[in-house]
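Reviewing the structure listed below.
Residue numbers count from 1 along this sequence.
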Amino acid sequence: MGLFCLTQKLSSVPERRIFPPMMMTDSTGEHMWLQIQHELSLRKLIEGSEYQEELKYDFNIKGELRHLDTSESFVFNYYNNSHEQNHKRYQVLGHLITQYVYELLERVCMLQKVYIPTDAAEDEPRSFFFMSENALTSSSSLIVLLQDHGVFRAGQWGQKTIVSEGLEHGTQIPFIKMALQSHGGVIVLNPNDNFFDLKTEKERLSFSTGEESPPSTQSVWWIPKRGSSSPEEHTLYVWDHFISKSAAKNVAFIAHGYGGLVFVDLLVQRKCEVMNKVYSVAFIDSVHNTQHQSRSDTEIQKWIQKYCREWVSNSKPLDKAVGSLMKVNCPVVSAGTEKYGLAPSCCLHAIFKYLKSTLKAKTTTAVRHSPVVTRSSTSKERGNK
């Protein structure tokens, strides 16, 4: 069965299904393990496809992808001497994982799916992102998650990491949970959902490459989603229509890989807005280039040096300083792992500790510089009117 046939079959499933809430807890209290319930499982999605036998997998109680019969991790080579078939099988698994993570964002994290553009016609292709219920109305701080560039979608740091290491390391759920617990609001961007397939009237599933640019031989069939034709455009749109208008006075970004470049692009495009509203940025293995992207704008360069920190894959212990080749950059520290795919999960607690300290420093400074209202000053104000 073709990949788009699978998509058509899955699209017949109702978009919103009611499931009992799932818990995220473990004996240590430090890591939030997914307690997978039968009512909400990857297996149910697989059973709705024609790959039930080829993909006899599900996530166990620790969120690890395991074979139902052997309990072994995922094996790519299922068909003998057929890389194409094995790759298509992996594509299908990746698509099903994407649908499953979307469900987790809504059912576990209780996030809302928001479609964009907001003024889209009824038959216009749309993208979407996720946010917590009070993300725009609460005056508490807001955390925005910005993923790397690739085939994966909202809620994932990396699809390969989910397959090999599990949901705890490959999804953004631990970050979302911690953001909700410590800051109040969260927005999960979906920067890689850029194109719509006209030929099959289904969304493009570009699993074979990590690029979003349509193949030249088929580009006539791919149309960009307005407001989300690229990671940069998607992020700018959500900023202009949602984040910038939110009640939160203190916004922080956590940006991974290409997401770091996208944030710096946003900073350049909306310089004053971002500088006034964003109090801190945590980069993870970012590919941004401060000097090149800022076009030698010293104000932007100084802002990045002061309000940003980057965690990079490195052999040094977590949070130890790592030398940077860039003279114009923010402080760079080790993520505590040399594995790129594990960097986000390894520096999770370090990042939130950093965000907490920077927010405290900002609020302390704000209180120190705010005018003290006294009875005498109030009387003088009234007398001058």
Using the test ring-ring contact (aromatic ring centres under 6.0 Å, His included), find all partners of [X] that sit at least two apart in sequence or belong to another chain.
{"X": "Y307", "value": "W303"}
{"X": "F242", "value": "F129"}
{"X": "W157", "value": "F175, H256"}
{"X": "F130", "value": "Y102, F128"}

**OP:** Run the numbers on I351 and I284 for side-chain contact (heavy atoms from CB on, under 4.5 Å), then give the verdict.
**Re:** CA-CA 9 Å; I351 285 177; I284 307 171; 3.6 Å; yes
Do [X] and [Y] have side-chain heavy atoms sitting under 4.5 Å apart?
{"X": "I176", "Y": "T171", "result": "no"}
{"X": "L104", "Y": "C109", "result": "no"}
{"X": "V262", "Y": "P191", "result": "no"}
{"X": "L348", "Y": "M178", "result": "yes"}
{"X": "V278", "Y": "W239", "result": "yes"}
{"X": "E72", "Y": "R66", "result": "no"}
{"X": "L359", "Y": "S141", "result": "yes"}
{"X": "L146", "Y": "T235", "result": "yes"}

Which atom pairs, one a donor and one an acceptor, fall under 3.5 Å between side chains of residues 333-340 and the rest of the protein, sequence neighbours left out?
from, atom 1, to, atom 2, distance (Å)
S334, OG, K316, O, 2.7
S334, OG, G336, N, 3.0
T337, OG1, K339, N, 3.1
Y340, OH, D148, OD2, 2.6

Original post:
Under the ring-ring contact (aromatic ring centres under 6.0 Å, His included) criterion, do Y100 and H95 qualify, and how do the steps go?
Top reply: CA-CA 9 Å; Y100 179 57; H95 176 60; over 10 Å; no
Would a distance-only check, ignoring hydrogens and angles, find a side-chain to backbone donor-acceptor pair under 3.5 Å from [X] to [Y]?
{"X": "N192", "Y": "V151", "value": "no"}
{"X": "H234", "Y": "N190", "value": "yes"}
{"X": "K177", "Y": "V108", "value": "yes"}
{"X": "T358", "Y": "L355", "value": "yes"}
{"X": "S164", "Y": "K160", "value": "yes"}

From [X] [atom1] over to [Y] [atom2], what is the distance, rounded to the nearest 0.5 angstrom?
{"X": "L105", "Y": "S132", "atom1": "CG", "atom2": "OG", "answer": "12.0 Å"}
{"X": "K302", "Y": "I300", "atom1": "NZ", "atom2": "CD1", "answer": "12.5 Å"}
{"X": "Q99", "Y": "R153", "atom1": "CD", "atom2": "CZ", "answer": "10.0 Å"}
{"X": "Q293", "Y": "L266", "atom1": "CD", "atom2": "CG", "answer": "11.0 Å"}
{"X": "I116", "Y": "S127", "atom1": "CD1", "atom2": "OG", "answer": "5.0 Å"}
{"X": "S345", "Y": "Q172", "atom1": "OG", "atom2": "CD", "answer": "12.0 Å"}

**OP:** Sorted by first residue and then second, give each salt bridge (charged side-chain N to carboxylate O under 4.0 Å, His left out) pair with at least one member in residues 254-273; sequence neighbours left out.
**Re:** D240-R270, K271-D297, K271-E299
With sequence neighbours excluded, residues passing side-chain hydrogen bond (donor to acceptor under 3.5 Å, both in side chains) with [X]:
{"X": "Q156", "value": "T98"}
{"X": "S82", "value": "Q85"}
{"X": "N250", "value": "K362"}

Is it the case that one hydrophobic cluster holds both [X] and [Y], taking links as side-chain heavy atoms less than 4.5 Å apart, direct or via other members?
{"X": "V75", "Y": "Y51", "value": "yes"}
{"X": "F76", "Y": "L55", "value": "yes"}
{"X": "F253", "Y": "V268", "value": "yes"}

Subject >> Short N-O contact, K88 and E84, less than 4.0 angstrom >> reply: no
Looking only at side chains, do [X] and [Y] share a donor and an acceptor under 3.5 Å apart?
{"X": "W222", "Y": "N194", "answer": "no"}
{"X": "Y354", "Y": "S280", "answer": "yes"}
{"X": "E64", "Y": "N60", "answer": "yes"}
{"X": "T290", "Y": "Q301", "answer": "no"}

Original post:
Can you tell which of I162, L93, L167 makes a side chain to side chain contact (heavy atoms under 4.5 Å, CB included) with L65?
Top reply: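 So, applying the side chain to side chain contact (heavy atoms under 4.5 Å, CB included) to L65 and each of I162, L93, L167, only L93 qualifies.
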Original post:
Can you name the side-chain contact (heavy atoms from CB on, under 4.5 Å) partners of T161, sequence neighbours left out?
Top reply: E165, H169, L342
**OP:** Under the salt bridge (charged side-chain N to carboxylate O under 4.0 Å, His left out) rule, collect the residues that match up with R89, sequence neighbours excluded.
**Re:**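 Here no residue qualifies.
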Subject >> Counterpart residues, salt bridge (charged side-chain N to carboxylate O under 4.0 Å, His left out), relative to R226 (two or more places apart) >> reply: D119, E124
Subject >> K277, NZ: over 12 other non-hydrogen atoms inside 6.0 angstrom >> reply: yes
Subject >> Enclosure of Q52 CD (heavy-atom neighbours >12, cutoff 6.0 Å) >> reply: yes
**OP:** Please lay out, stage by stage, how Q181 and F352 fare under the test side-chain contact (heavy atoms from CB on, under 4.5 Å).
**Re:** CA-CA 11 Å; Q181 291 170 5; F352 278 93; over 6 Å; no
**OP:** Determine the interplanar angle of the H241 and Y237 rings, folded into 0 to 90°, and report it as parallel if under 30°, tilted if 30 to 60°, perpendicular if over 60°.
**Re:** parallel
Original post:
Between Y57 and F74, what is the ring plane arrangement, given parallel below 30°, perpendicular above 60°, and tilted in between?
Top reply: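 Correct class here is tilted.
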Original post:
Among K225, E232, E233, whose side-chain hydrogen bond (donor to acceptor under 3.5 Å, both in side chains) with S229 holds?
Top reply: E233
Original post:
Is the distance between the ring centroids of H288 and F283 under 6.0 Å?
Top reply: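 Distance test on ring centres: under 6.0 Å, yes.
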